[in-house]
J.: 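Here you go, one structure.
Residue numbers begin at 1 in each chain, while the letters A, B, ... track the order of the sequences. These values consider heavy atoms only, across backbone and side chains, with no hydrogens, waters or symmetry-generated copies.
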Amino acid sequence: MCNMKYPFESIELKWQKYWKDKKVFKTDLTKVDNKLYVLVMFIYPSAAKMHIGHWYNYGPTDTFARYKKLKGFNVFEPIGYDAFGLPAENYAIKTGIHPQDSTLKNIKDIRTMLERMGGMYDWDAELMTCVPEYYKWNQWLFLQLYKKGLAYRKNAPVNWCPSCQTVLAREQVLADGGCERCGTTVIQKNLTQWFFKITEYADELLEGLNKIDWPEKTKTMQINWIGKSYGTEIDFAIEGSNEKIRVFTTRPDTLFGVTYVVLAPENELVQKITKPEYKDTVDKYIESIRSLTEVERTSTTKEKTGVPTGAYAINPINGEKVPIWIADYVLATYGTGCVMAVPGHDERDFEFAKKFNLPIKKVILQPGTKEEDELIEAYTDVGIMINSGKYNGLSSDMGIEKISDDIEKQGLGKRTVNYRLRDWLISRQRYWGTPIPIIHCDKCGEVPVPEDQLPVVLPYEVNFKPDGGSPLASCEEFIHTTCPKCGAPAKRDPDTMDTFVDSSWYYLRYLNPNYNDGMFDTELANRWVPVDVYVGGAEHATMHLLYARFIHKFLRDIGLVKSDEPFQKLIHQGTITNQGAKMSKSKGNVVDPNEFLSKYGSDVFRMYLMFMGPYELGGDWSDKGIVGVDRFVQRTYTLFENYKGIASDTQAKSKYEMNELSPDEKKIYQKVNQTLTKVETEIDNFRFNTAVAALMELLNELKNIDNCRKEIQLYTLERLASMLAPLAPHLAEECWSLLGKKKSIYEESVWFEADSEALVNETVTIVVQVNGKVRTKIELPVDTPEKDVRNFVFNDDKIKSYVDGKQIIKEIYVPNKIYNIVVK
RNA sequence: GCGAGAGUGGCGGAAUUGGUAGACGCGCUAGACUUAGGAUCUAGUGUCGCUUAGACGUGGGGGUUCGAGUCCCCCCUCUCGCACCA
């Protein structure tokens, strides 16, 4: 018995070099039969090290890609770097190291780690977003959007992170009001900013979800984020004024129940309609609201506040006069910023009316209650309309249609659709990003940079220390230019783009990162996109994954791609935590993979990460079980060492007849083939933990492989090496060559089909139960006729002792599984 | 508060359509080989009884069923997502 320890270091290097030298993983993109685009979200090189989370993301995905390659797919698995962004710049502010220098260095280190991991990446397709060759096309994309009116500038209240010194899109603000990147509480600021009109695609983004194979949860999040709702806009006249209040409601059926109207404090009508004697309190109230953050204001737990304006509105349906209030629970940014309040049938209005003693009117009768019953809470479901004039007696869902019809007929309003989705704020007051290709000219206004002048290169020499404004604004050489239209001196836009712009189309660029004639090679994109399997964190559900879908649809509309969606199937890996907390540098609880890599090697490490549990669940980090995987690897290596060179003088058939095998051979033969199907279905479904377990079971079963004929030994070991290859690529290559194989397992894409005849066992264990309790088990040939099974069962002494003298009520036989006798 | 998911040995976790609960691994126990073992191999390992028969057992309580980790109802805990969207 040879017991040499598996020399992972030399073996891993050896095969990495082999793959690289022979370009084993270079994908021939011209071949599209059997194409499979497997993509993992590219890496953010804010630190030189790949932590456990990266390994957990990339290792298993690579295993999936490798498995598909072995199965004969033409797999494209690229990797790249999401290289722009705040952390590099913040790091620069702290240390003085230029973002470009630190980023390029980090990329170099990460590349080394990815190679060490044994990633099957096509290194010819590698890209990074911080080079002009890439970001030039961000600018080009911007200009296309601009041409179509989908990139525009507006003055708006925006989310400002005081720490990052920049604005954030709404989805980049956390639920607790913190900044997505740094956690600092975000405040509101009024600024002119660039937006992409994602709302133009709201409906399509919603509908497209039906066509893609994504986790339901993620789709739901996007649905909620888009927040489409059907309703009616209704005009309320203002007493003694020509102004009108247009409200948006999803419940026009409750129009008779309106007892007051509420405006958002920011609504411009407020200043116009407020009665002089109320002006003081209204202004004071608005001031008090301003000091609150968005989150404080919209917190559902906070008690609602508001003040009357002294003005009155006229309910168009019955001419009733109702007071106009302003309140913080009405948002200026949703609907029309005005609400008709129906306390009887809306929880928020109910709470508000109770607090300020406003009347509550019942106009929808809850089934099973009486009209005179007092409302103790708002009734928001369907019911029978009451106190509603000619609509009385109608079901309220009918009432929605009828009242909307009548409102429309009388020109008092119209049906509309509202979205929660807002346009995507893309400007950032930061240095390390793509410059916005716009020039501001005193005479011509905003002028797009002509396409032939792209890229607008990000200058290297810039003072990027924070002083409140965009760093580029103080870079004289950059900012001063001439107007492309009139030639007069003009200024460049000093802002840079959100890095989510970069990641919205990178999957198209991978196909040819050096392409010069356009944003990407359209021909290739139409053959390879959508991405077949996309793997990445669930935290991108409403950001990256929504933006990328939007940009993809836009690119389709300008004729650059034919597909509707960028990512056909989506998988989220789980999060690896440490003692229950997310690993982060600031918490100081990051686990360094290097410790394990130097002790066990990368095959063991990546296999252990897969073995820990279900991929989509993640879990708490613990190195407790890693020795188990290491032992498995050692035993496997030893086994192959013992059969060194076996392939040189032996040949295995591709299939054996079961009856020509010895008992030991048969057992092993069956197990090998059963494992083949098991490993296939498990990896196909990203269940790596059970795939590894299946291989461990197989190895345990190979105790008696010495008793097999040589050809059966070879038959077995060939298959074991092949199944091992996706999970432990270096080890498997080594084992394969130990057998005496000349070529790499991946050069030939070795995968074996299971022999279906070996999958079923000849005998089965039939569990015999009495009253549902297991009493004995009997081993019988598969498909023994029921009457024979019954005979065996009733001749069993133990069963007899349970059944004798009792009345048999029922017998249930589930073929090849269970025989249950019910007695009394 | 609303929505989604989860709760299984000392631990990580397995378990087609309801059909042997605890695969695989860690840990632990005993033994073998050894100068030694924190290496390796062999056997055992849900709990109680502990030799047997057996009883109990998948967060708690109830139900459907010949049979429930799996289906239904109620409750508890945890994780994630959304936070007044009219």
Side-chain angles (χ1 to χ4, degrees), chain A residues 1 3 5 175-177 215-218 220-221 224-225 227-229 231 247-251 254 262 264 295 297-302 304 327-331 333-342 345-349 351-352 418-422 538-539 541-542 572 574-575 577 580 608 611-614 616-632 634-635 638 681 687 689-700 703 765-777 798 801 809-823:
Chain A
M1 270 279 180
N3 240 334
K5 178 122 171 84
D176 63 357
E216 277 314 311
K217 201 179 153 172
T218 311
T220 307
M221 280 169 72
N224 293 338
W225 192 261
K228 182 177 187 174
S229 65
V247 302
F248 172 75
T249 180
T250 54
R251 293 294 302 274
T254 62
V262 197
V295 174
R297 253 195 74 176
T298 57
S299 161
T300 45
T301 49
K302 180 183 150 290
K304 294 173 180 33
D328 59 350
Y329 77 95
V330 174
L331 308 174
T333 44
Y334 183 80
T336 59
C338 311
V339 168
M340 58 176 230
V342 186
H345 306 286
D346 181 282
E347 283 156 25
R348 296 151 300 180
D349 298 340
E351 188 191 327
F352 193 78
N418 246 304
Y419 299 91
R420 208 187 83 107
L421 183 70
R422 318 255 179 96
E539 67 274 18
T542 52
H572 294 305
T575 314
T577 54
Y608 175 58
F611 186 59
M612 272 172 53
E616 273 139 298
L617 264 176
D620 207 45
W621 169 256
S622 156
D623 60 6
K624 263 191 174 173
I626 195 167
V627 292
V629 176
D630 185 50
R631 278 176 202 155
F632 168 74
Q634 299 298 341
R635 286 167 61 207
T638 307
T681 52
R687 290 191 297 252
N689 53 333
T690 43
V692 175
L695 287 182
M696 287 174 167
E697 276 189 62
L698 174 60
L699 185 66
N700 291 342
K703 265 183 265 180
T765 308
I766 291 175
V767 174
V768 186
Q769 300 180 329
V770 178
N771 287 343
K773 293 211 153 82
V774 179
R775 294 307 174 190
T776 193
K777 297 163 191 178
K798 210 156 158 205
S801 71
I809 295 181
K810 201 172 179 184
E811 288 171 56
I812 298 115
Y813 178 55
V814 182
N816 297 322
K817 269 188 184 152
I818 223 157
Y819 201 102
N820 190 8
I821 307 162
V822 186
V823 297

J.: If B/U70 has a Watson-Crick or G-U wobble mate with both distances under 3.5 Å, name it; if not, just say none.
T.: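 Base-paired to nothing in any strand shown.
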J.: Starting from P on B/G25, measure out to CD on A/Gln634 and report it in whole angstrom.
T.: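 My rounded result for the distance is 15 Å.
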J.: Would you say the side chain of A/Glu351 lies within less than 4.5 Å of the side chain of A/Tyr329, judging by non-hydrogen atoms?
T.: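 In short, these two side chains do not touch, never coming nearer than 4.5 Å.
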J.: Let me know the distance between CE of A/Met696 and P of B/G13, rounded to the nearest Å.
T.: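 Rounded to whole Å, this separation is 15 Å.
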J.: Taking for each residue the nucleotide of RNA chain B bearing the nearest heavy atom, is the 5' side occupied by A/Lys703 or by A/Ala694?
T.: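 Residue closer to the 5' terminus by nearest nucleotide: A/Ala694.
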J.: If we take the C1' atom in both B/C78 and B/U8, what is their distance in whole Å?
T.: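 So the two C1' atoms sit 15 Å from each other.
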J.: For B/U51 and B/G60, measure between their P atoms and round to the nearest Å.
T.: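 One P to the other, the span is 29 Å.
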J.: So, A/Tyr608 versus A/Asp630: side-chain donor-acceptor pair below 3.5 Å or not?
T.: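 Note: A/Tyr608 and A/Asp630 side chains miss the donor-acceptor criterion.
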J.: In this structure, how many angstroms lie between the C1' atom of B/A14 and the CG atom of A/Leu617, rounded?
T.: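 That distance rounds to 13 Å.
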J.: To check you understand the geometry: which heavy-atom pair defines the closest contact between A/Phe248 and A/Gly335, and what is its length?
T.: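 The answer is CB-CA, 4.4 Å.
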J.: Let's test this: given Watson-Crick or G-U wobble pairing with both distances under 3.5 Å, identify the partner of B/G18.
T.: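 B/G18 is paired with nothing.
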J.: Under 6.0 Å from the CD atom of A/Glu347, do we count more than 12 heavy atoms belonging to anything else shown?
T.: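 Check fails, neighbour count at 12 or below.
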J.: Between B/A53 and B/G46, how far apart are the P atoms? Round to whole Å, please.
T.: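 Pairwise P distance, B/G46 against B/A53, rounds to 15 Å.
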J.: I'd like to check the side-chain hydrogen bond (donor to acceptor under 3.5 Å, both in side chains) partners of A/Thr776; sequence neighbours left out, ordered by chain and number.
T.: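 A/Thr776 satisfies side-chain hydrogen bond (donor to acceptor under 3.5 Å, both in side chains) with no residue once adjacent residues are dropped.
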J.: Partner of B/G9 by Watson-Crick or G-U wobble geometry, both contacts under 3.5 Å, or none?
T.: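 Base partner found: none.
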J.: If you check every side-chain atom of A/Leu331, which of B/A86, B/A43, B/C66 has the closest atom?
T.: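 Nearest nucleotide to the side chain: B/A86.
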J.: Is B/G61 in the syn or the anti form, by the rule that syn lies within 90° of 0?
T.: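 Anti conformation here, the glycosidic angle of B/G61 being more than 90° from 0.
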J.: Which pair of heavy atoms, one from A/Met340 and one from A/Val247, lies closest together, and at what distance?
T.: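 Reported closest heavy-atom pair: N-CG1, 3.7 Å.
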J.: Looking for any heavy atom pair under 4.0 Å, which part of the strands does A/Lys798 touch: base, sugar-phosphate only, or nothing?
T.: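 It contacts sugar-phosphate atoms only.
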J.: Any strand counts, and the cut-off is 3.5 Å on both contacts for Watson-Crick or G-U wobble. Which nucleotide pairs with B/U45?
T.: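 By the stated definition (distances under 3.5 Å), B/G27 pairs with B/U45.
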J.: Roughly how far apart, to the nearest Å, are B/G69 and B/C75 at atom P?
T.: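 23 Å, rounded to whole Å.
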J.: Treating primed atoms plus P, OP1 and OP2 as sugar-phosphate and everything else as base, which nucleotides of nucleotides 15-23 of chain B get B, S or - for protein heavy atoms under 4.0 Å?
T.: --B-BB--B
J.: Does A/Arg775 put a side-chain nitrogen or oxygen below 4.0 Å from OP1 or OP2 of B/A53?
T.: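 Checking A/Arg775 against B/A53: no side-chain N or O falls below 4.0 Å of OP1 or OP2.
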J.: Does B/U40 have a Watson-Crick or wobble partner in any strand here, with both distances under 3.5 angstrom, and which is it?
T.: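 B/U40 is paired, partner B/A32.
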J.: In whole Å, measure the gap between the P atoms of B/G54 and B/G37 for me.
T.: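 It comes out at 42 Å once rounded to the nearest Å.
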J.: Show the nearest heavy-atom pair for residues A/Lys777 and A/Thr765, with the distance to one decimal.
T.: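 Scanning both residues, the minimum pair turns out to be CB-CG2, 3.7 Å.
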J.: Do A/Asn700 and A/Arg635 pass the side chain to side chain contact (heavy atoms under 4.5 Å, CB included) test, and can you show the C-alpha distance, the side-chain angles, and the key distance before you say yes or no?
T.: CA-CA 10 Å; A/Asn700 291 342; A/Arg635 286 167 61 207; 2.9 Å; yes
J.: Suppose we define a pair by two distances each less than 3.5 Å, Watson-Crick or G-U wobble; what does B/C2 pair with here?
T.: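 WC or wobble partner is B/G81.
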J.: Does A/Asn700 reach a base, just sugar-phosphate, or nothing at all? Heavy atoms under 4.0 Å.
T.: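 Sugar-phosphate only.
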J.: Please name the pair of heavy atoms, one in A/Asn771 and one in A/Asn820, separated by the smallest distance, quoted to 0.1 Å.
T.: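 The pair with the smallest heavy-atom distance is N-OD1, 3.6 Å.
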J.: Write out a two-atom table: protein N or O, nucleotide N or O from nucleotides 27-32 of chain B, distance below 3.5 Å.
T.:
residue: B/G27; atom: OP2; partner: A/Arg631; partner atom: NH1; Å: 3.4

J.: Using a cut-off of 4.0 Å on non-hydrogen atoms, how would the nucleic acid contact of A/Ser229 be classed: base, sugar-phosphate, or nothing?
T.: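 The answer is sugar-phosphate, as A/Ser229 gets under 4.0 Å only of primed atoms, P, OP1 or OP2.
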J.: A/His572 NE2 to B/A4 P: how many Å, rounded?
T.: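 Spelled out: NE2 on A/His572 to P on B/A4 is 17 Å.
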J.: Which atom names give the shortest non-hydrogen contact between A/Tyr813 and A/Ile766, and what distance separates them?
T.: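 Taking A/Tyr813 first and A/Ile766 second, the nearest heavy atoms are OH-CD1, 3.7 Å.
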J.: For A/Thr250, which contact category applies under a 4.0 Å heavy-atom criterion: base, sugar-phosphate, or nothing?
T.: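 Sugar-phosphate contact only.
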J.: What integer distance in Å separates A/Tyr329:OH from B/C85:C1'?
T.: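 Value for this atom pair: 13 Å.
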J.: Round to a whole Å and report the spacing from CG of A/Asp328 to P of B/A86.
T.: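 Going from CG in A/Asp328 over to P in B/A86 covers 17 Å.
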